[in-house]
Amino acid sequence: MLRDYLKLDADDQLQQQVTHVKNRGQEQISEWLIVGKDGERKGLVSLFDKMSTRRSYPVNYRITQTDMGGKVIVDKLTETI
């Protein structure tokens, strides 16, 4: 599950925000907004799919988590989710 790779509080929720395709169909990017229990926006999660189509990435997924200021909290390459 995606939450296993992220640094979240127990009460945080992920709300799907955007899904779009870039790079001529080679990679799909899904984004979720991290929302705290009080409704405050806490950050953003991006999931890059089909990373194995690039020679420089021998994995299937890249997961990044940033805070609202843009600071990277998690940047993980993985084979499975």
Side-chain angles (χ1 to χ4, degrees):
M1 185 169 177
L2 183 61
R3 289 182 71 96
D4 295 338
Y5 298 97
L6 304 173
K7 294 182 180 178
L8 300 173
D9 295 332
D11 295 331
D12 289 347
Q13 296 180 358
L14 296 175
Q15 295 179 352
Q16 181 116 21
Q17 184 177 348
V18 179
T19 300
H20 49 91
V21 178
K22 287 191 169 190
N23 299 330
R24 291 172 252 146
Q26 294 178 7
E27 160 178 74
Q28 180 175 331
I29 303 170
S30 300
E31 294 181 336
W32 292 267
L33 188 62
I34 302 169
V35 180
K37 69 177 180 178
D38 59 352
E40 179 184 343
R41 293 179 178 186
K42 296 175 80 177
L44 185 68
V45 174
S46 299
L47 173 66
F48 299 84
D49 192 2
K50 300 180 183 174
M51 296 294 289
S52 61
T53 59
R54 293 178 161 191
R55 283 188 238 152
S56 60
Y57 295 108
V59 297
N60 293 324
Y61 302 98
R62 180 178 186 183
I63 303 165
T64 58
Q65 176 183 352
T66 58
D67 64 11
M68 291 309 290
K71 179 182 172 189
V72 175
I73 298 169
V74 173
D75 190 358
K76 172 101 174 136
L77 298 174
T78 184
E79 285 290 323
T80 60
I81 293 183

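Just so you know, these numbers use all the heavy atoms, side chains as well, and skip hydrogens, waters and symmetry mates. Numbering starts at 1 and runs along the sequence shown. Predicted model, so just to flag it, every value in this text is computed and none were measured.
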Any side-chain heavy-atom pair from Gln65 and Leu44 closer than 4.5 angstrom? no
Do the non-hydrogen side-chain atoms of Ile34 and Leu14 ever get within less than 4.5 Å of each other? yes
Here the pair of heavy atoms bringing Ile73 nearest to Thr66 is CD1-C, 4.1 Å
Look up atom CD in Gln15 and atom CZ in Arg41, then write down how far apart they are to the nearest 0.5 Å. 8.5 Å
At their closest point, which heavy atom of Ser30 faces which heavy atom of Gln16, and how far apart are they? CB-NE2, 4.2 Å
Could you walk me through whether Tyr61 and Asp49 pass the side chain to side chain contact (heavy atoms under 4.5 Å, CB included) check? CA-CA 5 Å; Tyr61 302 98; Asp49 192 2; 3.2 Å; yes
Under a 4.5 Å cut-off applied to non-hydrogen side-chain atoms, are Ile29 and Leu47 in contact? no
Does one hydrophobic cluster hold both Val74 and Val35, with members joined at side-chain heavy-atom distances below 4.5 Å? no
One thing to verify: whether Asp67 and Lys42 come together as a salt bridge, which I'm taking to mean a side-chain N less than 4.0 angstrom from a carboxylate O. no
Flag the pair Arg3 and Asp12 as a salt bridge only when some basic side-chain nitrogen lies within less than 4.0 angstrom of an acidic carboxylate oxygen. no
Side-chain touch Leu6/Ile63, heavy atoms, less than 4.5 angstrom: yes
Non-hydrogen atoms of Arg62 and Thr64 that approach each other most closely: NE-CG2, 3.9 Å
